[in-house]
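Inspection log for the structure reproduced underneath, given as structure tokens.
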Amino acid sequence: MEDTEKIAVEAREEAEKAESSRALYEIKMKFLGRTGKVTALLKGMRDIAAELRPAFGKKVNDLREKLEGIFGEIEARVKAKEMEKKLASEKIDVTEPGRHTAQGALHPITRTRDELIDVFAGMGFEIFEGPEIETEYYNFTALNTPADHPARDMQDTFYIGDGVLLRTQTSAGQIRLMEKKKPPIKMLSPGRVFRSDDDATHSPMFHQMEGLVVDKTITLCDLQGMLDEFARKMFSSSAKTRLRPSYFPFTEPSVEVDVSCTACGGKGCSLCKGTGWIEVLGAGMVNRHVLENCGVDPDEYTGFAFGMGIERIAMLKYGIRHIRSFFENDTRFLQQFKD
Ligand code: PHE
């Protein structure tokens with residue numbers, strides 16, 4: 001018969017060494033589990049003389065209770081330590097500076113487009129968006145620019161199929177809208193256009209903002225008044241505009257529109273090359289052939305149209321020198337357009 005006192009001492013010694021509640025549990029099972037030492041003692045009762053059994057049983061039971069007490073006490077200690085460790089590792093230092101998430105901003109072209117939309121929406125224009133892949137008919141023919149017309153060479157066109165091209169101008173949208181909607185019309189049409197043209201101020205893809213107004217008594221004066229309002233809202237309250245005669249096949253008369261220089265206000269500087277004026281858009285009275293092509297009676301209705309490059313407006317407004325800055329995605333450039 002093994003000395004139960006010895007077993008208790010052995011159990012305590014082993015239990016004290018346990019570093020985790022999991023390890024402690026395994027030690028406990030070595031003594032009190034189904035195949036543990038104490039259970040083995042109880043099983044050995046059969047081999048003991050009958051008169052000794054009650055005393056032996058009591059001893060083993062006392063031992064079991066004692067061990068349970070020992071393991072309970074040590075378990076409480078181990079668990080407390082474990083909790084302490086867990087709390088220490090999960091501690092949050094509220095004085096640490098926060099992590100920054102980089103915040104994006106609207107692209108200057110998007111910004112300028114939205115500003116233009118605001119200006120014209122305030123005058124009652126409605127937005128219309130045409131397709132970027134167009135047919136020759138909408139991009140040229142219906143705009144009074146037939147196949148042999150020299151004006152087709154004014155814009156170097158990307159053809160992508162027979163009679164199919166990347167639109168060179170948002171003017172194509174004029175036709176699409178007038179085919180669908182009868183006057184009065186006040187359309188504003190922003191979008192991407194494509195030309196094989198590439199230098200400091202030209203990019204093969206750029207953005208235009210087209211305008212079209214058609215009604216019964218529209219004159220060039222209406223165009224001029226609207227342009228003045230546009231220049232004051234978009235550039236400065238003292239901005240002025242002037243019209244110069246020009247040529248587009250889809251307008252007659254056609255004009256090129258200048259605004260007083262955005263850098264010097266009109267005194268003359270390097271940006272305006274000493275003239276005080278900067279060209280910002282093309283415009284004119286809608287050519288009667290264009291109206292006819294869309295089923296609008298040119299003897300009843302007249303209209304004006306204008307088209308501007310959004311990049312150009314943005315370059316003037318923000319003093320940007322190189323058109324490529326818009327498309328390089330350099331965040332040092334783009335970040336400057338945050339509110
Ligand atoms: N579509 C012309 C261009 O891209 C601009 C324009 C639009 C001129 C409307 C007159 C009227 O150059």
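Remember, it's 1-based here, ligands and their atoms both numbered in the order they're listed.
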In terms of atom number and element, which parts of ligand 1 are under 4.0 angstrom from non-hydrogen atoms of Q208?
3 (C), 4 (O)
Polar contact flag, side-chain donor to acceptor under 3.5 angstrom, N287-T251
no
Looking at Y318 versus F337, is the centre-to-centre ring distance below 6.0 Å?
yes
Has ligand 1 got any nitrogen or oxygen that is less than 3.5 angstrom from a nitrogen or oxygen of T251?
no
Measure the distances from the heavy atoms of F304 to every atom of ligand 1 and state whether one is below 4.0 angstrom.
no
S171 neighbourhood, listing ligand 1 atoms whose heavy-atom distance to it stays under 4.0 Å:
1 (N), 7 (C)
Applying the side-chain contact (heavy atoms from CB on, under 4.5 Å) test to R77, which of K79, E75, K81, E73 qualifies?
E73
Closest non-hydrogen protein atom to atom 7 (C) of ligand 1, residue and atom name please, with distance?
G307 N, 3.3 Å
pair F140-H149: side-chain heavy atoms closer than 4.5 Å
no
Under 4.0 Å, heavy-atom basis, I'd like to know which part of F306 is in contact with ligand 1: side chain, backbone, both or neither.
backbone
Report, in ascending order of atom number, the atoms of ligand 1 lying under 4.0 Å from any heavy atom of F250.
1 (N), 2 (C), 6 (C), 7 (C), 8 (C), 9 (C), 10 (C), 11 (C)
Hey, are S189 and E210 close enough side-chain-wise for a donor-acceptor pair under 3.5 Å?
no
Give a yes-or-no answer on whether the side chains of T141 and E136 include a donor-acceptor pair shorter than 3.5 Å.
no
Nearest heavy atom to atom 3 (C) of ligand 1: which of E210, M209, M308, R195 does it belong to?
R195
